[in-house]
Visitor: 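Have a look at this one.
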Amino acid sequence: MFKFSYITPDVYYIASQTFNSNIYIYGKKILIDTGHSSNYAEDIIKHLKSYDIKIEKIVLTHNHPDHSSNVDIFQKEFNAVVCVHEKLAKRYGYLKDKLLILTEGDVLKVNEDLKLQVIFTPGHSRGGICLYDEKNKILFSGDTIFSHGNIGRTDIGGDIHALINSIEKLLKLDIEVLCPGHMDAVKNGNKHVKMSYQFAKQVSSWGM
Ligand SMILES: [Zn+2]
């Protein structure tokens, strides 16, 4: 089974287990990342259906398998639109009219109070994005940064300098709640972003 909780009244959090990423449900309509193992997805779907939650959009913060492998299971179940950064457009081209290509600054809207802005954040992976809810000060950071000063690895096709540039974008945001792709979702988001930035600078000075 899985552990779940509300981080804010509008963010439902399913904590990562084994090789699955964290999964978030935003405003009961947008699924952020999908996890990896199919039985995990099926358990979550059963749970969502029991609460009559119908997912309309699935956003992949990037396409590493721990975040994206279950995308087809969720997509088919809810007939949802899958949203990915334009660098991943080819990879998900088979979804045709169920694919929405995102670029920097695009906005995904649940209603007037719940909107997510797309921030292109390469470095951990080339098609990586973060999602920012400016009104409620919530950041979904994928594997760009994690809580407690951690950062996504850059040794699997990533680039530490690109990651630092991406974290610099996040430093400009006002973040109360940080919802990362792994590890805990936390309050005092700004503080955690700053710690991640310092750590990334340290890693780059080691020449990694
Ligand atoms: Zn990743």
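Note that the structure is predicted; figures quoted are calculated from it, not measured. For ligands, and for the atoms within them, numbers begin at 1 and follow the listed sequence.
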Visitor: Any side-chain donor paired with an acceptor under 3.5 Å for S21 and D66?
Guide: no
Visitor: Going by atom types alone, do H67 and D143 pair a side-chain donor with an acceptor below 3.5 Å?
Guide: yes
Visitor: Quick one: report the N, O or S atom of H64 that is nearest to the Zn ion (ligand 1).
Guide: ND1
Visitor: Would you check if the Zn ion (ligand 1) lies under 2.8 Å from any N, O or S atom of D66?
Guide: no
Visitor: Just checking, any donor-acceptor pair under 3.5 angstrom between side chains of H62 and S125?
Guide: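 On atom types as modelled, these side chains do not qualify, holding no pair under 3.5 Å.
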Visitor: Could you check whether T121 and T144, counting side-chain N and O atoms only, form a donor-acceptor pair closer than 3.5 Å?
Guide: yes
Visitor: For the Zn ion (ligand 1), what is the closest N, O or S atom on D143?
Guide: OD2
